[in-house]
Amino acid sequence: MGWLRDNWLDALIFVLFALVVAGVVLFLTGVNPFARPPASPAQATPVQTPPPASQPPSQAPAAVNPPVQVIPVLPKAHSETPSHTPAPAPTQPAPARPSPAATPTPRPAPATGGWRVAVGAFSDAVNANRLADSLRAQGYAVQLEPAGSVTRVVLGPFPSEERARAVAQELSQYETRVYRGATPTSAAPSSPTNPGRYLQVGAFRNSASAEALVSQLKAAGYPVVLAREGELIRVRVGPVSEDRLELTKSDLRGLGLSPLEVR
């Protein structure tokens, strides 16, 4: 004990060195002295063995997690009607028919033809054509329409009355009239003796050519009107009464023209 008391520091160093060496050896050999010992075979969880094949199914012990078995649904033997047949809808009383006296009166159909602006009517078709060319140069959609013995200069049609009246206000220097349909409401109806027959004698794309023919016909004493359809200016003589229709045709043929009767 006296040696240990005198050399205790050396003894402590030796013990620590021995522990380090033992730890290195255990690490290299893979031995863990602190690991829990494995359970004995007697303590292991018993494995359930399946019942013998000779044992009836009714006596087999129930499994811990029995498998799910899908059982098809078979139709009932005593019924042939499908189970999804919808129930009959409840009977509703038929709607009562309105009496003839309660039938609403149909409204009159609105006027057709759109809104138009009549700028002027000229007995001289040349003047009407010149005004039409002037308005067309300003960007207006112009039409020449025969109205009795005069040629009417018309703008349109416009989709609404407001637009037509705005255009009429822009041309306030003329005696404009706003109307809806193909004929102004103030136009005089045709008389029985003058039903408004015309003889078309030419159609031109050039307004100068149309005016030259108009001047020739007016010099011969014929009433002339113009009608514009698309890009064509149609020169027409009239209106001509029924009793002078054939004679006028013959006279126009004598001038080298081919009259075509139109309305």
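It should be emphasised that the depicted structure is a prediction, and the values quoted were computed from it without experimental measurement.
Using a 4.5 Å cut-off on side-chain heavy atoms (C-beta onward), Arg197 and Leu245 make contact. Taking the side chain as every heavy atom from C-beta outward, Leu255 and Tyr222 approach each other to under 4.5 Å. At a threshold of 4.5 Å between non-hydrogen side-chain atoms, the residues Val117 and Tyr179 do not count as touching. Side-chain contact check for Leu199 versus Leu252: some heavy-atom pair is nearer than 4.5 Å. Counting heavy atoms from C-beta on, the side chains of Ser149 and Pro239 come closer than 4.5 Å. Under the 4.5 Å side-chain criterion, counting only non-hydrogen atoms from C-beta, Tyr174 is in contact with Val119.
Qualifying side chain to side chain contact (heavy atoms under 4.5 Å, CB included) partners for Ser209, counting only residues two or more places apart in sequence or in other chains: Phe204, Asn206. Under the side chain to side chain contact (heavy atoms under 4.5 Å, CB included) criterion, Ser207 pairs with Asn129, Asp133, Ile233, not counting sequence neighbours. Looking at residues two or more places apart in sequence or on another chain, you find a side chain to side chain contact (heavy atoms under 4.5 Å, CB included) between Asp10 and Asn7.
Taken to the nearest 0.5 Å, the CG atom of Leu131 stands 4.5 Å off from the CG atom of Leu135. The structure places CZ of Arg236 at 8.5 Å from OH of Tyr198, a figure rounded to the nearest 0.5 Å. The CG atom of Leu213 sits 6.0 Å away from atom CG of Leu257, with the distance rounded to the nearest 0.5 Å. Taking OG1 of Thr176 as the start and CG of Leu155 as the end, the distance is 9.0 Å to the nearest 0.5 Å. Atoms CD and CZ, from Glu161 and Arg180 in turn, are 8.5 Å apart once rounded to the nearest 0.5 Å.
The heavy-atom pair separating Ala121 from Val150 by the smallest distance is CB-CG2, 4.0 Å. Annotation for Leu144 and Ala132: closest pair CD2-CB, 3.7 Å, computed over non-hydrogen atoms. In terms of heavy-atom proximity, Ala168 sits nearest to Val178 at CB-CG2, 3.8 Å.
If you check the side chains of Arg152 and Gln143, you find no donor sitting under 3.5 Å from an acceptor.
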Given Asp124 and Lys218, is the side chain to side chain contact (heavy atoms under 4.5 Å, CB included) satisfied, shown in steps? CA-CA 9 Å; Asp124 190 347; Lys218 290 186 71 68; 3.7 Å; yes
Can Val126 and Ser215 be said to form a side chain to side chain contact (heavy atoms under 4.5 Å, CB included), step by step? CA-CA 8 Å; Val126 174; Ser215 300; 4.2 Å; yes
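Around atom CZ of Arg244, no more than 12 heavy atoms belonging to other residues, nucleotides or ligands sit under 6.0 Å away. More than 12 heavy atoms of other shown residues, nucleotides or ligands fall within 6.0 angstrom of atom CD in Glu229. In this structure, Gln138 places its CD atom where more than 12 heavy-atom neighbours from other residues, nucleotides or ligands lie under 6.0 Å away.
Comment: Glu246 does not engage Arg253 in a salt bridge, judged by the lack of any side-chain N to carboxylate O separation of less than 4.0 angstrom. For the pair Lys249 and Glu261, the salt-bridge criterion is met [side-chain N within less than 4.0 Å of a carboxylate O].
Judged by distance alone, the side chain of Thr29 and the main-chain N or O of Leu26 form a donor-acceptor pair under 3.5 Å.
If you chain together hydrophobic residues whose side chains sit under 4.5 Å apart, Val235 and Leu232 never meet in one group. Residue Val24 is grouped with residue Phe27 when hydrophobic side chains (ILVMFWY) are merged at heavy-atom distances under 4.5 angstrom, including chains of intermediate members. Note: the hydrophobic cluster containing Trp115 also contains Tyr140 (ILVMFWY, side chain heavy atoms under 4.5 Å, direct or indirect links).
Here the rule is side-chain contact (heavy atoms from CB on, under 4.5 Å) with Glu145, and of Val225, Val154, Thr151 only Val154 fits it.
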